[in-house]
Amino acid sequence: MTGFASNLIERLASAGNVAVLTGAGASAESGIPTFRDPGGLWSRFNPAELASFEAFRRDPIRVQSWYSARIRAVLESEPNPCHVALAELEALVPSVSVITQNVDGLHKRAGSSNVIELHGNLLDVFCATCGRAAETLDVAPDALEPARCECGGLIRPRVVWFGETLPADAYESAVSATARADVFISIGTSGEVYPAAGLPRLAAEAGAYVLEINVQRTPISGLADEVVLGAAGIVVPQLLSEVRRRSNVGVS
Ligand code: BV8
Ligand code: ZN
């Protein structure tokens with residue numbers, strides 16, 4: 001059983017606003033590889049070679065086939081107990097905002113009702129030239145031709161590549177949810193990609209109690225009030241049941 005500081009449980013049970021920032025570690029137990037862990041997506045590929053518009057223009061088949069493989073993995077995956085516990089937290093806290101860097105859509109599938117997708121969604125594909133929505137993206141690495149729209153434009157996923165700005169409305173919502181949070185929970189992110197990685201500091205400076213849940217310490221650990229080392233799919237459900245128990249105490 002994970003040991004949480006008692007005032008954490010007290011704070012969560014009495015919180016009005018909770019903001020949660022998730023990264024690839026929150027989806028790891030759904031079988032979706034993380035980016036920077038050993039064996040992760042980027043141990044085999046260089047992000048600049050894949051997650052940028054320049055790379056897409058230079059070698060569309062390579063980028064489209066990388067995303068095609070990730071789309072297949074997402075379609076075969078299920079929300080894990082971390083996603084489910086965050087959705088269930090909404091029954092115990094008046095306002096829960098899930099700010100995610102993940103592009104797999106698993107928080108929404110788990111039932112979270114206020115999900116802010118900072119980096120977009122892999123399953124939403126469209127024409128980079130005319131903007132028309134496409135059905136899907138399914139290109140093999142040895143394809144002779146990239147996937148194109150009727151207008152001739154290349155099909156891309158609606159994700160934020162390096163050098164591209166985040167959707168303004170999503171980032172503004174994330175900043176306001178962070179600024180009003182009583183408790184801010186960072187789950188499964190390496191804290192390396194900005195501007196998302198700046199949110200934990202913003203939360204701390206706005207007076208939130210900052211909890212980090214990760215299997216290892218990160219650049220966020222130094223500014224967290226509490227760091228719990230453990231797998232998201234185990235720790236987050238435990239946190240939820242402690243808050244549920246605390247909320248039921250005194251209820252006759
Ligand atoms: C931008 C695409 C304006 C989608 C991704 C300062 C301010 C603004 C920008 C910058 C800045 N400094 C530098 C920049 C540029 C750049 C950047 O941040 N570079 C970094 C590398 C230094 N940022 C940008 O370009 C952003 N755009 O700001 O626009 C602008 C424009 C031009 C110039 C300046 C500013 C765009 C950023 C988005 C990039 N797109 N992906 C896709 O293909 O998925 S980033 C990619 O990394 C993913 O989106 C991913 O979500 C994100 C973060 O990674 P993590 O989720 O943290 O995953 P990671 O593998 O790293 O870590 C996993 C963690 O989980 C680990 O800590 C591990 O220990 C833990 N873990 C593993 N298993 C478990 C676990 N924890 C718990 N349980 C487990 N079971
Ligand atoms: Zn088009």
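Fair warning: this is a prediction, and the values are worked out from it, not measured in the lab. Read the numbers this way: they start at 1 and go in the same order the structure lists the ligands and their atoms.
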| request: Please confirm whether L166 comes within less than 3.5 Å of ligand 1 when only nitrogen or oxygen atoms on both sides are compared. | output: no

Open item on the list: Using a 3.5 Å cut-off on N or O atoms only, is I213 in polar contact with ligand 1?
Closed with: no

Would you indicate which of [options] comes nearest to [atom] when only heavy atoms are counted?
| atom | options | result |
| --- | --- | --- |
| atom 60 (O) of ligand 1 | W161, W66, F35 | F35 |
| atom 44 (O) of ligand 1 | R70, H119, E29 | R70 |
| atom 43 (O) of ligand 1 | Y171, Y194, Y67 | Y67 |
| atom 63 (C) of ligand 1 | G23, G230, G188 | G188 |
| atom 3 (C) of ligand 1 | T165, I187, N80, V193 | T165 |

How does [X] reach ligand 1, by side chain, by backbone, by both or by neither, if only non-hydrogen atoms under 4.0 Å count?
| X | value |
| --- | --- |
| T189 | both |
| E164 | backbone |
| A28 | side chain |
| V159 | side chain |

Review point. Less than 4.0 Å between a side-chain N and a carboxylate O, is that true for R245 and E242?
Key: yes

_Quick test of your reading of the model: are R72 and D138 salt-bridged, counting only N-O distances below 4.0 Å?_
yes

Practice item. Determine, using heavy atoms of G163 and all atoms of ligand 1, whether some pair is separated by less than 4.0 Å. Key: yes

inquiry  = Quick one, R217 with E212, criterion salt bridge (Lys or Arg N to Asp or Glu O under 4.0 Å). Give me CA distance, side-chain angles, the key distance, then yes/no.
reply    = CA-CA 9 Å; R217 293 181 69 83; E212 179 181 38; over 6 Å; no

Check your understanding: Mind checking whether H107 and H83 have parallel, tilted or perpendicular rings, split at 30° and 60°?
Key -> perpendicular

Considering heavy atoms of the protein only, find what lies nearest to atom 78 (N) of ligand 1 and give residue, atom and distance to 0.1 Å.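 Sorting protein heavy atoms by distance from atom 78 (N) of ligand 1 puts A232 N, 2.9 Å first.
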
